[in-house]
2 protein chains.
Amino acid sequence: MTAADRVYAIIKQRILDGQYPANSYIREATIGQELELSRTPIREALRRLVSDGWVEVIPHHGARVVSWTQRDVEEVFELRVLLEPQVVRRAASRIDPSRLDSLGELACHMEQLCERGDDLAIDEIAGLNNRFHAELITAADSPRLQRLLEAIVQVPVSRRSFHHYSGEELHSSMRHHREIIRALAAGDGEWAASVMRAHILAARAAQLHPPAR
Amino acid sequence: MTAADRVYAIIKQRILDGQYPANSYIREATIGQELELSRTPIREALRRLVSDGWVEVIPHHGARVVSWTQRDVEEVFELRVLLEPQVVRRAASRIDPSRLDSLGELACHMEQLCERGDDLAIDEIAGLNNRFHAELITAADSPRLQRLLEAIVQVPVSRRSFHHYSGEELHSSMRHHREIIRALAAGDGEWAASVMRAHILAARAAQLHPPAR
DNA sequence: ACGAGAAGAGTTGTATACCATTTTAGGTTA
DNA sequence: TAACCTAAAATGGTATACAACTCTTCTCGT
């Protein structure tokens, strides 16, 4: 792994952490001094972040962390509704039993955390949920589909999404996981895709129209 | 236009020409000497080509021209079947009359060329067809959808695709264009999406199973 | 003869430097 | 007060030198 790769990962992580807030500028010299690197690998990392849509460049002024509007969130959900069902549609005919098992374990773990229901548990669920989706993408065995999803499913959107869920919505999400596993085990891609579609649309509804609590 | 821009264009052209064959390595120093530039702008051009999917970088080993397998082509069509209908689904409720007019002109122009039927005309049709799809994407007004499509619809796939068409397939493609325009004029996104889906699936069939001629 | 390991060539990765361009802030002047 | 000018600071583009890595090949020991 080269220095530019590391810088890319570090900056991305800091954007996710909120350490680099939206609309803030990332100074090449500043981060270069901090990591004890020259501007060269920093610049390369920033270019990649630009082409991946994490930051935007204002000419002669710098690299600014992009800010997300409501419209951006809607655009992402619109695309996820198309692509994530395709993931499981493919996975249904390709997944092997061992991966089904690990999906089951993830679902089980998430359900247990769901019973606790506190904020920390919800954070953990978010992490496990990401792993769940990542396993599915691997099972789908389509590098391009994976790349597209990674390009649009910015974690800023999904990271704290479960905090928008009501208890009912959270349980519903868990049931979706189980049903997707059953559909995959049955090798039924359309069934799995339908559940996934509902899963994403439910997430969208929770995100866009947070229930009063 | 910077030197890096020129290098980008030159390398891309050479890949299309076959001057840089698939799986061959593009040496930074070699092309640098040839164009009398340092490695810096060449590197930047290569990085851009990587993010556009034309070449891939093996760390410490070099930039290799990507090779397309049958599977890659299938993957791309699978994604286009999902995304391109979404383009027109959105466009149906957003397109304005002037753009409908220019789509009509493009369709008209393509139909005239279609009557000629020689190889040169078919090349021209390919260019106009790209413009047709580009207009639709603009009308869809979704930067992310646009980015995803640009990321997967590599010209190596679409460039010579019309040469695979039989006369019947070519005329069918022209009728699809007209029907998409009618559906958009009617503001019916699902109609337009269905035709587009057929349009892409027809292209896929022509590409994957060339008819005996 | 054969495998392990080292040396070397070739290539990419990074540091540093230079100048141009542009923006911003601050100060000056009418 | 307002317009203008200037200098500082940052990026943008490129060149060059050196460091680090990979792969190949050749040697050496068994």
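Throughout, a chain's letter reflects where its sequence line sits, starting with A, and its residues are numbered from 1.
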* Presence of A:Thr40 side-chain N/O under 4.0 Å of C:dT14 phosphate oxygens OP1/OP2 -> no
* Asked: For A:Ile31 and D:dT11, what is the distance between atoms CD1 and P respectively, to the nearest whole Å?
  -> 11 Å
* Between B:Met1 (CE) and D:dG12 (P), how many Å, whole number? -> 19 Å
* To do: State whether the side chain of A:Glu169 and the backbone N or O of A:Ser166 hold a donor-acceptor pair below 3.5 Å, judged by distance alone.
  => yes
* Gap between atoms NE2 and C1', on B:His60 and C:dA9 respectively (whole Å) -> 16 Å
* Please report, rounded to the nearest Å, how far the P atom of D:dG13 is from the CD atom of A:Glu28. => 11 Å
* To do: Calculate the interatomic distance between A:Arg48 atom CZ and C:dG13 atom C1'; express it in whole Å.
  => 13 Å
* Asked: With nearest nucleotides of DNA chain C determined for A:Pro41 and B:Thr30 from heavy-atom distances, which residue corresponds to the more 5′ nucleotide?
  -> B:Thr30
* Answer with base, sugar-phosphate or nothing: what part of the nucleic acid does A:Glu44 contact at a heavy-atom distance below 4.0 Å? => nothing
* To do: Would you verify whether the NZ or CZ of B:Arg204 falls within 45 degrees of the ring axis of B:Phe77 while also being under 6.0 Å from that six-membered ring's centre?
  => no
* To do: Tell me what B:Ala3 touches on the nucleic acid: a base, only sugar-phosphate, or nothing, going by heavy atoms under 4.0 Å.
  => sugar-phosphate
* **Sugar-phosphate, base or nothing in reach of B:Arg6, heavy atoms under 4.0 Å** => nothing
* With a 4.0 Å cut-off on heavy atoms, is B:Ile26 in touch with a base, just the backbone sugar-phosphate, or nothing at all? -> sugar-phosphate
* To do: Tell me which nucleotide among C:dG13, D:dT14, C:dT12 gets nearest to the side chain of B:Arg27.
  => C:dT12
* Asked: OP1 or OP2 of C:dG13 sitting under 4.0 Å from any side-chain N/O of B:Arg43?
  -> yes
* Asked: How would you label the contact of B:Leu37 with the nucleic acid (heavy atoms, under 4.0 Å): base, sugar-phosphate, or nothing?
  -> sugar-phosphate
* Using a cut-off of 4.0 Å on non-hydrogen atoms, how would the nucleic acid contact of A:Arg39 be classed: base, sugar-phosphate, or nothing? -> base
* Asked: Does any N or O in the side chain of B:Asp5 come within less than 3.5 Å of the main-chain N or O of B:Thr2, such that one atom is a donor and the other an acceptor?
  -> yes
* Work out which heavy atom in A:Ala121 is nearest to a heavy atom in A:Leu113; give both atom names and the distance. => CB-O, 3.5 Å
* To do: Grab the CG-P distance between B:Leu46 and D:dG13 for me, whole Å please.
  => 16 Å
* **A:Trp68 six-ring centre to B:Arg144 NZ/CZ under 6.0 Å and within 45° of normal** => yes
* Specify the separation, in whole Å, of atom CD1 of A:Ile42 and atom C1' of C:dG13. => 14 Å
* Of the listed nucleotides C:dT24, C:dA15, D:dT22, the one nearest the side chain of A:His61 -> C:dT24
* Asked: For the pair made of CZ in A:Arg47 and P in C:dT14, what is the distance, rounded to whole Å?
  -> 15 Å
